[in-house]
Protein chains: 2
Amino acid sequence: MRKRGNTGAKRPTLADVAALAGVSAITVSRALRDPQKVSPQLQEQIAHAVQKLGYAPDPAASALASGRSNTIGLVIPSLTNSVFSEVLRGVYDALEETAYSAQIGNFRYAPLGEEKLLLTFRSQRPAGLIVAGTDQTAGSRRLLEEMACPVVQIMDIDPDPIDMIVGFSHHDAGAAAARHLVEAGYRRIGLLAARMDPRTQKRAAGFRTAAGAATGPEREVMTPEASTTVLGGHMMAELLAKAPDTDAIFCINDDLAAGALFECQRRGIAVPERMGICGFNDLDIASAVNPPLTSVFTPRYEMGRRAVELLLARIGGAAEGPVVEDIGFQLRPRGSTATKG
Amino acid sequence: MRKRGNTGAKRPTLADVAALAGVSAITVSRALRDPQKVSPQLQEQIAHAVQKLGYAPDPAASALASGRSNTIGLVIPSLTNSVFSEVLRGVYDALEETAYSAQIGNFRYAPLGEEKLLLTFRSQRPAGLIVAGTDQTAGSRRLLEEMACPVVQIMDIDPDPIDMIVGFSHHDAGAAAARHLVEAGYRRIGLLAARMDPRTQKRAAGFRTAAGAATGPEREVMTPEASTTVLGGHMMAELLAKAPDTDAIFCINDDLAAGALFECQRRGIAVPERMGICGFNDLDIASAVNPPLTSVFTPRYEMGRRAVELLLARIGGAAEGPVVEDIGFQLRPRGSTATKG
DNA sequence: CTGTTAGCGCTTTCAT
DNA sequence: ATGAAAGCGCTAACAG
């Protein structure tokens, strides 16, 4: 067995490229970062030398010398949640072909995890930061305010962002779901909520406000557990045990909603006639089941993309000052809440 | 509005800590990286100074000086695929509390994307690399072989790994599904496959071999599209159109399988009596639907964890030499293939 | 166990 | 438009 690893040949440096191109290192550096500052003549020679040597800049050296990295930090509470994987996709897509790359920090909903991550990120001198939500701890908020780079909050909206924000109102979204169910004729509406993070709570609060007398604490089933489809089934069962006359439910996300639907099928409870179901996020599964689930679409991919765009604009010199973008949501009525009787 | 960013106060450096603790910089460096090399006395003073100044090491400077970073690179073809998000979770969990952090490279199934990513990673001098699959291009394979760090391939198994490998045989897994369906009494078995990556193809090949005369090309529906539950429904419809007498299907993953089940429900096709369904991966959805779906469980989270463990062991000095770990899979029979009549 | 000396590869002045 | 010198913050190698 051959020994692994590039034991010989040191990787080429700027100096090597410079020597081969017959210029100085700094000229190569410029040609690579800001080509217009170098004559076309030299650009050509340099490009040739880079090509020939297979030169790739050392990001560590660059970061050290310049005091900033090409990293965009992304701070999220979960990796598995499909909501965040869509955001991630948007972020990565928007970063494609730019000089920047993403670094994901996952604090797994740990109370002090976010602060710890921000400390780590700070030492990396990121070019920009994207953080989920508006409910940072005081410590996190201070860290973010003092960060020497632009910051975008996503997933939620707030008139007083740390720096920039792009998201939507979870309160309004919950309220929209409630109004839809009431308009569809349901009068005893339950609530299924898992993973009680701040945004979940806001949706729940909006729902309660708008549903008014059509709902009540006796029709709520909540758990701190992460939501899964299986869990949705269990929670539906629990709700039916404690409030059997419930005629509709708002589920804080589509996994739960799908699970609730399956539980209804098992029990022979007709959806939407005997039980209306409204989910949240409009995942793929929502439109695939029978009947398809009414859900509230949220622009997750777009939020990721947009956050990066805002960052890049600011890095590129856009004026400082708060930016607040409400990206909206969209109630999508489907068979699971088709007007009652 | 206050100007954002830490405009004043430069961040403290090793030298600042050293001065405050009354020692030299290198001693601080050692105390932080390898405490046993420093007397308890000085450790204390240094810890105190670090605390007081809020010192955090600069990873760029460290990487530049030492010639290696604390980054573990992860090269995967997709971020949205729930299979990879579980792997990610395993990787992040295993990295927790270590000095290393993950850097995700997503090449989105682009033909030359992987090579491009590896080039980028190489310039970062990663501490280790995790790559999905065994079907690298010749260029990627060469890059990986020459990488000056340990490399783990995951998701698949191969007797001749680049360096280390942990995964399972997709061929065998596909074969196991086929045998199960045949043993359950099905005789005209179809195949639904999307996103035809190398592992998908191996599962399909294993399925065909083991199903023998119980399947055939006329019962296969394939597409390069990414698989979704909605797509599973469409593909089921297509299969029923071209081979109406099909009595069971193997779906290359659970999203497809769930979609196929829903399509059967829409058409009043009884599962498992008139149509058996076997999925793949054993996602949460598989056990939540009605009837629950037979599926092949794959240890995705565990693969992510184990890959990191192998890397850390090697970094920590474990002997060189190929490592091949077959982590297995597990057929989980459920209602959707309950023995036929 | 602790310190000194050099330098990692790049970018920032400041000249020319 | 190009270059020379200096140094970013840390660690390797060698002393003591």
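Lettering of chains follows the sequences in order, A, B, ..., and the numbering in each one begins at 1. The analysis underlying the following values was restricted to heavy atoms, covering all of them including side chains, and did not include hydrogens, waters or symmetry mates.
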Exercise for review: For dG3(D), take OP1 and OP2 only and decide whether either is under 4.0 Å from a side-chain N or O of Thr27(A).
Suggested key: yes

Check your understanding: What is the distance, rounded to the nearest whole Å, between atom NZ of Lys37(B) and atom P of dC1(C)?
Key -> 10 Å

Study note, to complete from the structure: note: Leu14(A), atom CG; dA4(D), atom P; distance rounded to Å ~ 14 Å

Exercise for review: Scan Gln41(B) against the nucleic acid and name what it touches under 4.0 Å (heavy atoms): base, sugar-phosphate only, or nothing.
Suggested key: nothing

Revision key, fill the gap. note: Asp34(A), atom CG; dC10(C), atom P; distance rounded to Å ~ 17 Å

Exercise for review: Determine the minimum heavy-atom distance between Phe121(B) and Leu74(B), stating which atoms define it.
Suggested key: CZ-N, 4.0 Å

Check your understanding: Quick one: is dA12(D) close enough that its OP1 or OP2 comes under 4.0 Å of any side-chain N or O from Arg68(B)?
Key -> yes

Review point. Is any side-chain N or O of Ser24(B) closer than 4.0 Å to OP1 or OP2 of dG3(C)?
Key: yes

Practice item. Let me know the distance between CD of Glu44(A) and P of dT2(D), rounded to the nearest Å. Key: 14 Å

Revision key, fill the gap. Here the distance between atom C1' of dG9(C) and atom CG of Leu32(A), to the nearest Å, is 13 Å

Exercise for review: Rounded off to whole Å, could you give me the CG-to-P distance for the Leu42(A) and dG3(D) pair?
Suggested key: 7 Å

Review point. Are OP1 or OP2 of dT11(D) and a side-chain N or O of Ser62(B) less than 4.0 angstrom apart?
Key: yes

Practice item. Output the single nucleotide from dC8(D), dT11(D), dT12(C) whose closest atom is nearest the side chain of Ile26(B). Key: dT11(D)

Check your understanding: Just how far, in rounded Å, is P of dT11(C) from CG of Asp58(A)?
Key -> 10 Å

Review point. So, is Arg30(B) near the phosphate of dC10(D), with a side-chain N or O under 4.0 Å from OP1 or OP2?
Key: no

Study note, to complete from the structure: Result for 5'-nearest mapping on DNA chain C, choosing between Val23(B) and Ala65(B), is Val23(B)

Point to revise | Check ion pair Glu146(B)-Arg122(B) (N to O, under 4.0 angstrom) | key: no

Point to revise | Presence of Ser29(A) side-chain N/O under 4.0 Å of dT11(C) phosphate oxygens OP1/OP2 | key: yes

Check your understanding: Is the number of heavy atoms from other residues, nucleotides or ligands under 6.0 Å of Arg68(B) CZ greater than 12?
Key -> no

Review point. Got a salt bridge between Arg11(B) and Asp16(B), using NZ or NE/NH1/NH2 to carboxylate O under 4.0 Å?
Key: no

Check your understanding: If you count the non-hydrogen atoms of other residues, nucleotides and ligands that lie under 6.0 Å from CD in Glu309(B), is the total more than 12?
Key -> yes

Exercise for review: Give Arg33(B) one of three labels, base, sugar-phosphate or nothing, depending on what nucleic acid heavy atoms sit under 4.0 Å from its own.
Suggested key: sugar-phosphate

Exercise for review: Using atom CG of Leu64(B) as one end and atom C1' of dT11(D) as the other, report the distance to the nearest whole Å.
Suggested key: 10 Å

Exercise for review: State whether Thr13(B) places a side-chain N or O below 4.0 Å from either non-bridging phosphate oxygen (OP1 or OP2) of dC8(D).
Suggested key: no

